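Here the structure comes first, spelled out in structure tokens, and everything after it is commentary.
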Amino acid sequence: MTTAGDIMHRGAQWIPAHETLDRAAQLMRELNVGALPISDENERLCGILTDRDIVVGCVAMGHDPARITAGEMAKGTPRWIDANADVGEVLREMREYQIRRLPVIQDKRLVGMISEADLARHLADDQIASWAESVYSTTTR
């Protein structure tokens, strides 16, 4: 059985909720990623911040990224998957919530992220095609 831990990208890092968006952008550049999980003061997942969130939700709105925190950008209930979850569960979670990045948690700690690139590297073509169709579908369920 292939698990989330088998296909995830290791080395994911949190951005603390109190950190500013300019610091988040710097960390994204350093890590060469487009998204960071946001952690609360107890290092628990409280959101995900994307490069698009910074550009569209802050800069394009005329706000200063040095004054807006990652926590202020966190919206909704963040989704995650346990490192021991089967790949089928990963795909269901990403399909159901139409998400493209999924933090992987083990023992209440961030251990990795699963992105579209990770899926493409580890899954069969028919699995990728089915997943992509469901996530990028324009129809509302």
Side-chain angles (χ1 to χ4, degrees), residues 1-65 67-141:
M1 168 181 86
T2 303
T3 66
D6 296 330
I7 68 168
M8 71 182 182
H9 177 84
R10 297 184 187 281
Q13 291 185 26
W14 300 110
I15 184 80
H18 68 271
E19 285 286 357
T20 58
L21 297 185
D22 61 341
R23 177 62 192 128
Q26 292 163 2
L27 187 56
M28 286 179 188
R29 182 188 66 223
E30 290 167 18
L31 298 173
N32 193 30
V33 298
L36 294 169
I38 304 169
S39 68
D40 64 16
E41 62 278 353
N42 297 315
E43 291 194 0
R44 300 291 193 256
L45 182 66
C46 65
I48 295 181
L49 179 68
T50 67
D51 47 7
R52 187 176 194 288
D53 293 332
I54 295 170
V55 172
V56 175
C58 178
V59 176
M61 300 296 289
H63 301 296
D64 181 356
R67 295 183 182 268
I68 305 293
T69 67
E72 290 175 82
M73 296 297 289
K75 297 179 182 95
T77 303
R79 307 303 308 175
W80 56 274
I81 196 87
D82 186 88
N84 295 316
D86 179 82
V87 167
E89 293 176 58
V90 170
L91 294 174
R92 277 190 296 280
E93 186 76 13
M94 293 175 87
R95 276 187 188 119
E96 182 174 343
Y97 295 96
Q98 294 192 315
I99 54 178
R100 297 174 183 101
R101 297 173 182 99
L102 190 60
V104 181
I105 306 292
Q106 185 172 36
D107 299 323
K108 300 182 182 180
R109 297 288 177 226
L110 178 70
V111 293
M113 288 280 281
I114 296 174
S115 68
E116 294 166 307
D118 298 314
L119 295 178
R121 277 192 294 277
H122 296 287
L123 301 179
D125 290 346
D126 60 329
Q127 288 176 299
I128 296 295
S130 174
W131 175 83
E133 181 180 0
S134 65
V135 170
Y136 290 105
S137 174
T138 57
T139 59
T140 307
R141 295 171 204 256

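Because the structure is a prediction, the values reported are computed rather than measured.
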Exercise for review: Can you measure from CG (Asp107) to CG (Asp82) and round to the nearest 0.5 angstrom?
Suggested key: 8.0 Å

Check your understanding: Listed by chain and number, what are the side-chain hydrogen bond (donor to acceptor under 3.5 Å, both in side chains) partners of Arg79, not counting sequence neighbours?
Key -> Glu93

Check your understanding: Under the side-chain hydrogen bond (donor to acceptor under 3.5 Å, both in side chains) test, which residues partner Ser130, sequence neighbours left out?
Key -> Arg95

Practice item. Answer yes or no: are there more than 12 heavy-atom neighbours, outside Asp125 itself, under 6.0 Å from its atom CG? Key: no

Practice item. Can you sort out the partners of Ala120 under side chain to side chain contact (heavy atoms under 4.5 Å, CB included), two or more places apart, ordered by chain and number? Key: none

Check your understanding: Taking everything shown except Met1 itself, do over 12 heavy atoms lie less than 6.0 Å from its CE?
Key -> yes

Check your understanding: Residues two or more places apart in sequence or in another chain: which of them pass side-chain hydrogen bond (donor to acceptor under 3.5 Å, both in side chains) with Glu72?
Key -> Thr69

Check your understanding: Does Arg67 have any salt bridge (charged side-chain N to carboxylate O under 4.0 Å, His left out) partners at least two apart in sequence or in another chain, and if so, which?
Key -> Asp64

Practice item. Please report the shortest heavy-atom distance between Ser39 and Cys46, naming the atom on each side. Key: C-SG, 3.8 Å

Which pairs would a plain distance check flag for residues 6-21, meaning a side-chain donor or acceptor within less than 3.5 Å of a matching protein atom at least two apart in sequence or in another chain?
unit_1, atom_1, unit_2, atom_2, d
Asp6, OD2, Thr3, N, 2.8
Asp6, OD2, Thr3, OG1, 3.1
Arg10, NH2, Gly5, O, 3.2
Thr20, OG1, Asp22, OD1, 2.3

Check your understanding: What do the steps show when you test Leu36 against Leu31 for side-chain contact (heavy atoms from CB on, under 4.5 Å), and what is the final call?
Key -> CA-CA 10 Å; Leu36 294 169; Leu31 298 173; 4.0 Å; yes

Point to revise | Criterion side-chain contact (heavy atoms from CB on, under 4.5 Å) on Met28 and Ile54, from CA distance to verdict | key: CA-CA 11 Å; Met28 286 179 188; Ile54 295 170; 4.0 Å; yes

**Study point:** Pairs touching residues 51-60 that satisfy side-chain hydrogen bond (donor to acceptor under 3.5 Å, both in side chains), sequence neighbours left out
**Key:** Thr50-Asp53

Review point. Does Arg121 have any side-chain hydrogen bond (donor to acceptor under 3.5 Å, both in side chains) partners at least two apart in sequence or in another chain, and if so, which?
Key: Asp118

Review point. Who are the salt bridge (charged side-chain N to carboxylate O under 4.0 Å, His left out) partners of Arg92, not counting sequence neighbours?
Key: none

Review point. Closest approach of Leu49 and Ala70, non-hydrogen atoms and distance?
Key: CD2-CB, 4.2 Å

Practice item. Kindly indicate, with the supporting measurements, whether the criterion side-chain contact (heavy atoms from CB on, under 4.5 Å) is fulfilled by Arg44 and Arg109. Key: CA-CA 7 Å; Arg44 300 291 193 256; Arg109 297 288 177 226; 2.9 Å; yes

Revision key, fill the gap. When rounded to the nearest 0.5 Å, the distance separating CG of Leu119 from CZ of Arg101 is 12.0 Å

Study note, to complete from the structure: Residue pairs meeting salt bridge (Lys or Arg N to Asp or Glu O under 4.0 Å), one or both in residues 23-37, sequence neighbours left out, come to Arg23-Glu30

Point to revise | Evaluation steps, side-chain contact (heavy atoms from CB on, under 4.5 Å), between Ile81 and Ile105 | key: CA-CA 6 Å; Ile81 196 87; Ile105 306 292; over 6 Å; no

Review point. Are any of the side-chain heavy atoms of Leu91 and Leu123 separated by less than 4.5 Å?
Key: yes

Exercise for review: Using the test salt bridge (charged side-chain N to carboxylate O under 4.0 Å, His left out), find all partners of Glu41 that sit at least two apart in sequence or belong to another chain.
Suggested key: none

Review point. Quick one: side chain to side chain contact (heavy atoms under 4.5 Å, CB included) partners of Ala74, sequence neighbours excluded?
Key: Ile38

